[in-house]
Amino acid sequence: MYSEKVMDHFAHPRNVGEIENANAVGLVGNAKCGDIMKIYMDIQDNIIKDVKFKTFGCGAAIATSSMATEMVKGKTVEEALELTNKAVMEALDGLPAEKIHCSVLAEEAIRDAIEDYRKRQNEQQ
Ligand code: FES
């Protein structure tokens with residue numbers, strides 16, 4: 001039912017944890033199931049230098065969070081905003097239809113963190 005890549009990212013999620021002194025933090029909940037994801041980013045000169053996450057959710061949410069963090073690491077803020085849950089699912093070789101809503105969590109958490117980053121930037125000016 002799950003692809004090998006999904007199982008791999010679920011069993012060995014990349015970038016799990018927190019970043020102390022993160023300058024962007026996103027927190028989102030999944031309206032469908034109530035699961036949540038928190039994401040931390042260290043953004044320097046518009047580049048996402050480091051990213052870590054904690055997902056309190058199902059295996060598909062953990063696998064998509066893991067893959068999404070891998071896909072935005074080293075990218076610019078603008079590039080990260082273009083990441084879609086569809087692209088994350090494709091990178092994982094797909095998800096079962098009833099699990100597609102789980103992949104939205106990572107996309108939304110990344111957007112929420114970047115919004116937080118931009119808010120903090122504006123406050124500094
Ligand atoms: Fe909640 Fe998958 S069932 S994120």
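Just so it is clear, the structure is predicted and the values come from calculations on it, not from any experiment. Remember, it's 1-based here, ligands and their atoms both numbered in the order they're listed. As a basis for the values below, the full set of heavy atoms in this structure was taken, side chains included, without hydrogen atoms, waters or symmetry mates. Residues take their numbers from the sequence shown, with the count starting at 1.
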task = Please confirm if an N, O or S atom belonging to Cys33, backbone or side chain, lies less than 2.8 Å from atom 2 (Fe) of ligand 1.
result = no
query = Can Gly57 be said to touch ligand 1, with heavy atoms closer than 4.0 Å?
reply = no
Under 4.0 Å to a heavy atom of [X] - the qualifying atoms of ligand 1, by number:
X: Cys58; result: 2 (Fe), 3 (S), 4 (S)
X: Ala61; result: 4 (S)
X: Lys99; result: 2 (Fe), 3 (S)

With the threshold set at 4.0 Å, does a side-chain nitrogen-carboxylate oxygen contact exist between [X] and [Y]?
X: Arg14; Y: Asp8; value: yes
X: Lys86; Y: Glu90; value: yes
X: Glu107; Y: Arg111; value: yes
X: Lys38; Y: Glu108; value: no

key: N/O/S atom name from Asp35 that is nearest to the position of atom 1 (Fe) of ligand 1   = OD2
task = Using modelled atom types only, decide if a donor and an acceptor are shared between the side chain of Ser65 and the backbone of Ala106 within a distance under 3.5 Å.
result = no
